[in-house]
Colleague: 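Below are the structure tokens for one structure; questions will follow.
What you see below is based on every heavy atom in this structure, not just the backbone, and it leaves out hydrogens, waters and symmetry mates.
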Amino acid sequence: MKVVIFGNQSLKTHKRGIENVILSQLDIYRNFIVYYIHWGNKNSVYLYNGIVCVSVNNKSFWPFRLNLILNSIGSDLFIHSHNPLFSLFSFKKTDIITVHDGLYYMAKSAKRKVAFLFYVFEKILYTRVGKIHFISNFTKEQSLININRDFKIIYNSSHLEGIKYLNSIKSNYTNYILIVKNIEERARIDLLVQVAIEMPDKLFLIAGRGPLFQFYNEIIQLKKVGNIKMLGFVEDDFLIELYKNSSIVINIAEFGEGFGLPIIEAYLFNKPVIASRICAIPEIIIDDNHLVNNNVTDIIEKIVFVSKESSIATEKYQKYYFSNFSKSVITLRTKEFVQSSFIHN
């Protein structure tokens, strides 16, 4: 049997989010031949760490190419999907789907005019898959799953835990507040820019790219905000260095935060986190006192509060990570779920 994983982006680019969750799950399938199918700017085939990766151009007729690829791989396939559209249009049934955010929930939250189509798509989707894995209780509650369907809630782990840190990259920054986000509207970078303006003694570093990267970069320059730096996409070694040397990590979101991977990554490196009081974040956060409302005043107050709290030496954040989100804990739960799906398959 061959394993096919449906994803969104190339594993080589290490997008923050779904792809990193997939990387943390790959140990489960290490005894199988694994194919990874994802969106791409062109149709291509390449190897990544022994995995056969196939990109699908997202222009017209992509469902035809997707099914052509699946047919060429063979008939005895086990499909684990992180891409609902691939599962929806695949002729072959998906055995497990990992749901990061519901299709309809995201379309509705983003106020898309065709949100009703995603309602229909999601309803059909759950009739075309076997077992369903939600990454949080919030994601399950926002989904359109039938109450009688078989599902499991298993949190994410971080693939950074498995990286051997060589200490080869050094950061020139010290005593800073770190933000690791995809730069889009729901990330509320506008709030963080205003916080930086009102806290000139604090340095804010934003790691990540996205559709609004250039927009916010220009705003920062126009307003001459010297204490906030947009670093763009950073490789894992540098990201580890940034986490290790940060004082606080902030995760602000307006909607669509089905888990909050930067939160547990910060805990892995024993850093306190301030995060929005929305979506799945209250499930993940170590303490309700670290939650904020999405306004400048509350964020500033929590930065001051956490700064005082974190001055006391403690390993509680790292202990919290290893107790709840470590690769050993999450891999065991996921492996049991996958093996039950093998039997079912």
Colleague: Is the backbone of Thr94 close enough, under 3.5 Å, to the side chain of Arg128 for a donor and an acceptor to pair up by distance?
Modeller: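 Here the side-chain-to-backbone pair does not exist.
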
Colleague: Of all the heavy-atom pairs spanning Val99 and Thr139, show the shortest one and how long it is.
Modeller: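 Scanning both residues, the minimum pair turns out to be O-CG2, 3.3 Å.
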
Colleague: For Tyr119, is the OH atom crowded, meaning more than 12 foreign heavy atoms sit under 6.0 Å from it?
Modeller: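 Atom OH in Tyr119 is not crowded, with 12 or fewer foreign heavy atoms closer than 6.0 Å.
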
Colleague: How far does CG of Asn251 sit from NE2 of His290, to the nearest 0.5 angstrom?
Modeller: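 These two atoms lie 14.0 Å from each other.
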
Colleague: Are the side chain of Glu283 and the backbone of Asn137 linked by a donor-acceptor contact shorter than 3.5 Å?
Modeller: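 Yes, the answer is positive, given that a donor and an acceptor are paired below the 3.5 Å cut-off.
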
Colleague: Nearest heavy-atom pair of Ile5 and His82: which atoms, and what distance?
Modeller: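 Distance-wise, the nearest heavy atoms are CG2-CD2, 4.1 Å.
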
Colleague: Heavy-atom distance under 4.5 Å between the side chains of Pro272 and Phe305, does that happen here?
Modeller: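 Heavy-atom side-chain distance check fails, nothing below 4.5 Å.
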
Colleague: Are the side chain of Gln318 and the backbone N or O of Phe269 linked by a donor-acceptor pair below 3.5 Å?
Modeller: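 No: the side chain of Gln318 does not pair with the backbone of Phe269.
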
Colleague: Is there a donor-acceptor pair closer than 3.5 Å between any side-chain N or O of Ser90 and the backbone N or O of Ser87?
Modeller: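 Judged by distance alone, no pair lies under 3.5 Å.
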
Colleague: For Tyr267, check ring-ring contact (aromatic ring centres under 6.0 Å, His included) against everything at least two apart and list the hits.
Modeller: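 Here the qualifying residues are Tyr317, Tyr320.
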
Colleague: Can any side-chain N or O of Glu184 pair as donor or acceptor with the backbone N or O of Gly210 at less than 3.5 Å?
Modeller: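 Not a single qualifying donor-acceptor pair exists.
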
Colleague: Does Ser246 use its side chain to pair, donor to acceptor, with the backbone of Tyr243 at less than 3.5 Å?
Modeller: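 Between the backbone of Tyr243 and the side chain of Ser246 there is a qualifying donor-acceptor contact (under 3.5 Å).
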
Colleague: May I ask you to decide if Val21's main-chain N or O and Asn156's side chain share a donor-acceptor pair within less than 3.5 Å?
Modeller: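 Not confirmed, Asn156 side chain does not pair with Val21 backbone.
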
Colleague: Do Tyr321 and Glu161 have side-chain heavy atoms sitting under 4.5 Å apart?
Modeller: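 The answer is yes, as the side chains (C-beta and beyond) meet within the 4.5 Å cut-off.
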
Colleague: To the closest 0.5 Å, what do you measure between CG (Asn270) and NZ (Lys316)?
Modeller: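 Interatomic distance, Asn270 CG to Lys316 NZ, rounded to 0.5 Å: 10.0 Å.
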
Colleague: Could you check whether atom NZ of Lys335 has more than 12 heavy atoms from other residues, nucleotides or ligands sitting under 6.0 Å from it?
Modeller: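 Not buried by this count: 12 neighbours or fewer within 6.0 Å.
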
Colleague: Does the structure place the NZ or CZ of Lys12 under 6.0 Å from the centre of the six-membered ring of Tyr46, at an angle of no more than 45° from the ring's axis?
Modeller: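 Checked: cation-pi criterion met.
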
Colleague: With sequence neighbours excluded, what pairs up with Lys181 under the salt bridge (Lys or Arg N to Asp or Glu O under 4.0 Å) test?
Modeller: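 Listed in chain order: Glu257.
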
Colleague: Just verifying a value: how many Å separate Ile228 CD1 and Ile220 CD1, rounded to the nearest 0.5 Å?
Modeller: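 With rounding to 0.5 Å, CD1 (Ile228) is 4.5 Å from CD1 (Ile220).
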
Colleague: With sequence neighbours excluded, what pairs up with Ala107 under the side chain to side chain contact (heavy atoms under 4.5 Å, CB included) test?
Modeller: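 With sequence neighbours excluded, Ala107 shows a side chain to side chain contact (heavy atoms under 4.5 Å, CB included) to Arg112, Ala115, Phe118, given in chain and number order.
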
Colleague: Please identify each residue that fulfils ring-ring contact (aromatic ring centres under 6.0 Å, His included) with Tyr216, with sequence neighbours left out.
Modeller: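 Checked Tyr216 against ring-ring contact (aromatic ring centres under 6.0 Å, His included); zero matches.
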
Colleague: Kindly compute the distance separating CZ (Phe215) from CD1 (Ile183), expressed to the nearest 0.5 Å.
Modeller: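 That separation rounds to 12.5 Å.
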
Colleague: Determine, stepwise, if the pair Asn245 / Tyr176 fulfils side chain to side chain contact (heavy atoms under 4.5 Å, CB included).
Modeller: CA-CA 8 Å; Asn245 293 296; Tyr176 52 83; 3.4 Å; yes

Colleague: Is the number of heavy atoms from other residues, nucleotides or ligands within 6.0 Å of NZ (Lys123) greater than 12?
Modeller: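 Correct, the count exceeds 12.
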
Colleague: For the residue pair Tyr105 and Phe138, categorise the inter-ring angle as parallel (less than 30°), tilted (30 to 60°) or perpendicular (more than 60°).
Modeller: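 It falls in the perpendicular class, over 60°.
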
Colleague: How would you list, by chain and number, every residue that makes a salt bridge (Lys or Arg N to Asp or Glu O under 4.0 Å) with Asp298, sequence neighbours excluded?
Modeller: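 So Asp298 forms no salt bridge (Lys or Arg N to Asp or Glu O under 4.0 Å) with any residue.
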
Colleague: Given the side-chain rings of Tyr29 and Tyr36, with only the six-membered ring counted for Trp, is the space between their centroids under 6.0 Å?
Modeller: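 No, ring centres 6.0 Å or more apart.
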
Colleague: Between Ser55 and Trp39 (side chain of the first, backbone of the second, donor and acceptor by atom type, cut-off under 3.5 Å), is there such a pair?
Modeller: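 No.
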
Colleague: Are the side chains of Ile264 and Asn324 in contact, using a 4.5 Å heavy-atom criterion?
Modeller: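 Asn324 vs Ile264: side chains apart.
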
Colleague: Check Ile263 against Val273 and note the closest heavy-atom contact, atom names and distance.
Modeller: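 What the structure gives for the nearest pair is O-CG2, 3.7 Å.
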
Colleague: My understanding is that only residues two or more places apart in sequence, or in another chain, count here; which of them pass ring-ring contact (aromatic ring centres under 6.0 Å, His included) with Phe89?
Modeller: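 Testing Phe89 for ring-ring contact (aromatic ring centres under 6.0 Å, His included), a comparison that skips the adjacent residues, returns Trp62.
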
Colleague: Under a 4.5 Å cut-off applied to non-hydrogen side-chain atoms, are Ser307 and Ile248 in contact?
Modeller: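 Side-chain contact under 4.5 Å: yes.
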
Colleague: His133: what forms a ring-ring contact (aromatic ring centres under 6.0 Å, His included) with it, not counting sequence neighbours?
Modeller: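 For His133, no residue satisfies ring-ring contact (aromatic ring centres under 6.0 Å, His included) once neighbours in sequence are set aside.
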
Colleague: Could you walk me through whether His38 and Ser10 pass side chain to side chain donor-acceptor pair (under 3.5 Å), step by step?
Modeller: CA-CA 6 Å; His38 64 88; Ser10 168; 4.5 Å; no

Colleague: Does anything in residues 192-215 form a salt bridge (charged side-chain N to carboxylate O under 4.0 Å, His left out)? List the pairs, not counting sequence neighbours.
Modeller: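 Residue pairs with at least one partner in residues 192-215: there are none.
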
Colleague: Verify side chain to side chain contact (heavy atoms under 4.5 Å, CB included) between Ile300 and Met199, making sure each step is shown before the conclusion.
Modeller: CA-CA 8 Å; Ile300 291 174; Met199 302 188 79; 3.8 Å; yes

Colleague: Are the side chains of His100 and Phe259 in touch, meaning some heavy atoms are under 4.5 Å apart?
Modeller: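 A side-chain contact under 4.5 Å is absent here.
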
Colleague: If the condition is salt bridge (Lys or Arg N to Asp or Glu O under 4.0 Å), which residues does Glu122 pass it with, not counting sequence neighbours?
Modeller: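 Salt bridge (Lys or Arg N to Asp or Glu O under 4.0 Å) check on Glu122 returns nothing, list empty.
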
Colleague: Roughly how far apart are Leu88 CG and Leu125 CG, rounded to 0.5 Å?
Modeller: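 The CG atom of Leu88 sits 6.0 Å away from the CG atom of Leu125.
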
Colleague: Quick one: salt bridge (Lys or Arg N to Asp or Glu O under 4.0 Å) partners of Lys327, sequence neighbours excluded?
Modeller: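 Partners of Lys327 under the salt bridge (Lys or Arg N to Asp or Glu O under 4.0 Å) test: Asp27.
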
Colleague: Do Arg188 and Asp190 meet the salt-bridge criterion of a basic N to acidic O distance under 4.0 Å?
Modeller: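 Result for this pair is yes, salt bridge flagged.
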
Colleague: Which residue, Leu66, Leu85, Ile97, forms the side chain to side chain contact (heavy atoms under 4.5 Å, CB included) with Phe6?
Modeller: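 Only one option passes, and that is Leu66.
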
Colleague: List the atom of Leu261, the atom of Ser157, and the distance in Å for their closest heavy-atom pair.
Modeller: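 Looking at all heavy atoms of both residues, the closest pair is CD1-O, 3.4 Å.
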
Colleague: For the CG atom of Asp237 and the CG atom of Leu160, what is their distance to the nearest 0.5 Å?
Modeller: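 Here the rounded value is 9.5 Å.
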
Colleague: Hey, are the side chains of Leu70 and Ile37 touching, using non-hydrogen atoms and a 4.5 Å cut-off?
Modeller: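 Heavy-atom side-chain distance check passes, below 4.5 Å.
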
Colleague: For residues 139-154, which residue pairs pass the salt bridge (charged side-chain N to carboxylate O under 4.0 Å, His left out) check, not counting sequence neighbours?
Modeller: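 Sorted pair list: Lys131-Asp150.
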
Colleague: Of the non-hydrogen atoms in Thr331 and Ser24, which two are nearest, and what is the gap between them?
Modeller: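 Looks like OG1-O, 4.2 Å.
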
Colleague: What closest approach, in Å, do Asn227 and Pro200 show between heavy atoms, and which atom pair accounts for it?
Modeller: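 Asn227 and Pro200 have their closest heavy atoms at ND2-CA, 3.6 Å.
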
Colleague: Is a side-chain N or O of Asn293 found less than 3.5 angstrom from the main chain of Asn295, in a donor-acceptor match?
Modeller: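 No; judged by distance alone, with no hydrogens or angles, the pair does not exist.
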
Colleague: My understanding is that only residues two or more places apart in sequence, or in another chain, count here; which of them pass side chain to side chain donor-acceptor pair (under 3.5 Å) with Gln214?
Modeller: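 If we apply the side chain to side chain donor-acceptor pair (under 3.5 Å) test to Gln214, skipping adjacent residues, the hits are Glu218.
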
Colleague: Any side-chain to backbone donor/acceptor pair from Asp95 onto Ile79? Under 3.5 Å, distance only.
Modeller: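 Yes; judged by distance alone, with no hydrogens or angles, the pair exists.
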
Colleague: Taking the side chain as everything from C-beta on, heavy atoms only, tell me whether Val296 gets closer than 4.5 Å to Leu191.
Modeller: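 Yes; the side chains approach each other to less than 4.5 Å.
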
Colleague: Would you please classify the geometry between the Phe325 ring and the Tyr155 ring as parallel, tilted or perpendicular, with 30° and 60° separating the classes?
Modeller: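 Tilted: the ring planes of Tyr155 and Phe325 meet at 30° to 60°.
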
Colleague: Using a 4.5 Å cut-off on heavy atoms from C-beta on, say whether the side chain of Leu291 contacts that of Asn289.
Modeller: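 Not touching, per the 4.5 Å side-chain cut-off.
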
